[in-house]
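A short worksheet on the structure shown next.
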Amino acid sequence: MRVAWQAGVLCALEEAGLGFAHADGTSGGTINLAMLMSGRSPREMAERWRTLRVRDFATPLPLRDYLRAPHLPGFGSAGGIERRVFPHLGVDVEAIRAARGIEGTFNVCSHATKTNEAIEHRDVDLGTLVAGVSLPMLMPAVRRAGSPYLDSVWIKDANLIGAVKRGAEELWILWCIGNTPAYRDGPFRQYVHMIEQSANGVLFEELDRVRELNEAIAAGHSPYGQRRPIVVHVVKPRHPIPLDPDFFMGRIDAATLVAMGYGDACHYLGGADREGGVALTPEATKMEEPGVRVSWRERHAGPLGRTELAAEVPDAAAFLAGTVREARLVGRLRAPAVGEALLRDGRVTLEGGALVYEAMLNAGGRPVRLRARRAARPGGSLGERLSSLRRLHVELIESGSESPLAEGVLDPRGGGTTPVPLPIVTDAPSIWRRLATAAAFERVMAAELVAGRRKPRG
């Protein structure tokens, strides 16, 4: 479900002017591929993800199937995906089959042969799309031509060699499966680790094959017609993105995932090594291990425009103990001065009794800096101070200028912005650690923002 992140990446790739001759999807990636092949633009994809009811993914089996326990075909059915998720996301099987201008392949696992099958987009049917996201245990296998088909993530999660055999010389991988050294307790976490091990392990084998092909190409032997060495790009998050249960329970939302994907892609696109791609080693998908994470979301609106912001602290312990308290900032701004734009290179800092926001955005090709601040109005009653803390003072400054392009005060919208940010804690090893982290975060924020003093270290 969390592949909404990929929609944000696609927005950045389109903004950078990149075009593709072939697109390939596996597991959750088949959902975004189906949207693209249905004629949806990256911006439209992002909006459809933002407005999707995540709970529509979960549909129970008929009661009679649960009475067959322990011989269940899966924990749930594909009914919600077929009837609600795919239609809302704009997936249109007939449009996929009729698509021209780009070749698409959808990977599914044939249980009968224990192989991955890359189904051409002209041959796709609804069963193919459902099978592509049907993980064993979680959903029933899909019968196609009399054989059971499932999600192919256990065999591979990126079909590099399939693209190479088509003559591809440049590959872009949108990778949102985790890869950190940490091994966590609990059956769900370890189920996820098995996916991580399988998907990353096979990807590394394919990177090895690409490296060997590049050696052959350099020696003048090109078995698939490439005229230059194959370059591989990997767009990935700095830290693993929260898992599906966090998305399902509202600890993260699709708007934040989209904004994170956009920011991660912009970071890669702006990197010094972009032209040469990544090293063809297991480092290609390696991510930093987060600590217990704290995030919060807020929305504001006013004559200047509207904001949807999300901040994430990847290590709550370091934030609470440190002298510099900073969080990653992602989100979206809609304003007459710049249109609609996603944020990149964003951060929010707790300093001097205020929350200070900084980010860049692309306004029709013009780089614009967003600077904003939330702080309590000096003096007045506690109620007045708390009320003023909810407002966001915003400046939009075109790059190279110090004069604001636009500025104004935005008020909280939809009840999502509190005077002291309401913490959402993830990756805590226990419910008690989650509660303790949230309480400590609120104390630090209240001490600086409301009382106007810094909590002593330790």
Side-chain angles (χ1 to χ4, degrees), residues 8 11-12 15-16 43 46-47 50 255-256 258-260 262-267 269-270 296-313 324-380 384-421 445 448-450 452:
C11 288
E15 193 176 274
R43 292 282 175 176
E47 189 58 29
R50 290 187 191 103
T256 301
V258 167
M260 289 171 65
Y262 178 83
D264 292 329
C266 288
H267 177 77
L269 288 163
W296 73 89
R297 300 192 291 269
E298 51 190 77
R299 296 184 175 191
H300 292 86
L304 177 72
R306 292 189 173 196
T307 64
E308 297 173 3
L309 305 177
E312 181 188 70
V313 177
V324 177
R325 297 194 167 109
E326 186 174 292
R328 180 191 183 187
L329 177 69
V330 299
R332 177 171 59 150
L333 170 70
R334 286 176 285 181
V338 296
E340 179 175 325
L342 290 161
L343 307 185
R344 59 180 171 85
D345 304 325
R347 65 175 186 171
V348 54
T349 307
L350 179 63
E351 58 182 33
L355 286 170
V356 180
Y357 304 72
E358 295 180 284
M360 294 298 297
L361 55 91
N362 185 332
R366 297 176 301 158
V368 172
R369 178 176 298 279
L370 177 146
R371 292 198 308 212
R373 182 181 177 88
R374 281 176 63 192
R377 188 177 64 188
E384 290 171 334
R385 288 174 60 82
L386 291 176
S387 179
S388 63
L389 262 175
R390 300 177 70 199
R391 297 190 180 95
L392 189 67
H393 299 251
V394 180
E395 289 182 326
L396 299 175
I397 304 168
E398 192 165 357
S399 183
S401 171
E402 282 301 318
S403 300
L405 184 66
E407 59 184 321
V409 178
L410 302 182
D411 292 314
R413 180 168 63 91
T417 303
T418 55
V420 175
M445 284 288 185
E448 289 221 18
L449 297 177
V450 181

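Values below: every heavy atom of this structure, side chains too, minus hydrogens, waters and symmetry copies.
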request  = Would you check, one step at a time, whether the test side chain to side chain contact (heavy atoms under 4.5 Å, CB included) holds for Leu309 with Leu392?
outcome  = CA-CA 11 Å; Leu309 305 177; Leu392 189 67; 4.0 Å; yes

For Val313 and Ala327 the tightest heavy-atom approach is CG2-CB, 3.6 Å

Flag the pair Pro421 / Leu355 as yes when at least one side-chain heavy-atom distance between them is below 4.5 Å, and no otherwise. yes

Donor-acceptor contact present, side-chain Arg385 to main-chain Val450, <3.5 Å: yes

Closest heavy-atom pair, Leu449 versus Pro419, reported as atoms and distance to 0.1 Å, is CD1-O, 4.1 Å

CZ of Arg50 to OG1 of Thr256, rounded to nearest 0.5 Å, is 10.0 Å

Residues Arg306 and Ala301: closest non-hydrogen pair is CG-CB, 3.8 Å

Rounding to 0.5 Å, atoms CG (Leu333) and CD (Glu308) come to a distance of 10.0 Å

Practice task
Return yes if some donor-acceptor pair links the side-chain N/O of Thr417 with the main-chain N/O of Arg299 below 3.5 Å, else return no.
Solution key: yes

Applying salt bridge (Lys or Arg N to Asp or Glu O under 4.0 Å) to Glu15 and not counting sequence neighbours gives Arg43

Rounded to the nearest 0.5 Å, the CD atom of Glu407 sits from the CD1 atom of Ile397 at a distance of 8.5 Å

Residues at least two apart in sequence or cross-chain that pass salt bridge (Lys or Arg N to Asp or Glu O under 4.0 Å) with Arg373, listed by chain then number, are none

Hits for side-chain hydrogen bond (donor to acceptor under 3.5 Å, both in side chains) against Arg369, two or more places apart or cross-chain, chain-then-number order -> none

Of all heavy-atom pairs linking Pro367 and Arg344, the shortest is CB-NH2, 4.4 Å

Arg391 meets the salt bridge (Lys or Arg N to Asp or Glu O under 4.0 Å) criterion, sequence neighbours left out, with Asp411

Applying salt bridge (Lys or Arg N to Asp or Glu O under 4.0 Å) to Arg377 and not counting sequence neighbours gives Glu384

OH (Tyr357) and CG (Leu343) are apart, to the nearest 0.5 Å, by 12.0 Å

Counting neighbours of NE2 on His393 that are heavy atoms of other residues, nucleotides or ligands and sit closer than 6.0 Å, is the number greater than 12?
yes

When every non-hydrogen atom of Ala376 is compared with those of Leu389, the smallest separation belongs to N-CD2, 3.5 Å

Separation between CG (Leu370) and CG (Asp345), nearest 0.5 Å, reads 12.5 Å

Worksheet item: Side chains of Val394 and His300: closer than 4.5 Å at any heavy-atom pair?
Response: no

Rounded to the nearest 0.5 angstrom, the CZ-CG distance for Arg332 and Leu361 is 13.0 Å

Side-chain donor/acceptor of Arg297 to backbone N/O of Ala310, under 3.5 Å
no

When every non-hydrogen atom of Gly305 is compared with those of Pro336, the smallest separation belongs to CA-CD, 4.5 Å

Arg328 meets the side-chain hydrogen bond (donor to acceptor under 3.5 Å, both in side chains) criterion, sequence neighbours left out, with Asp264

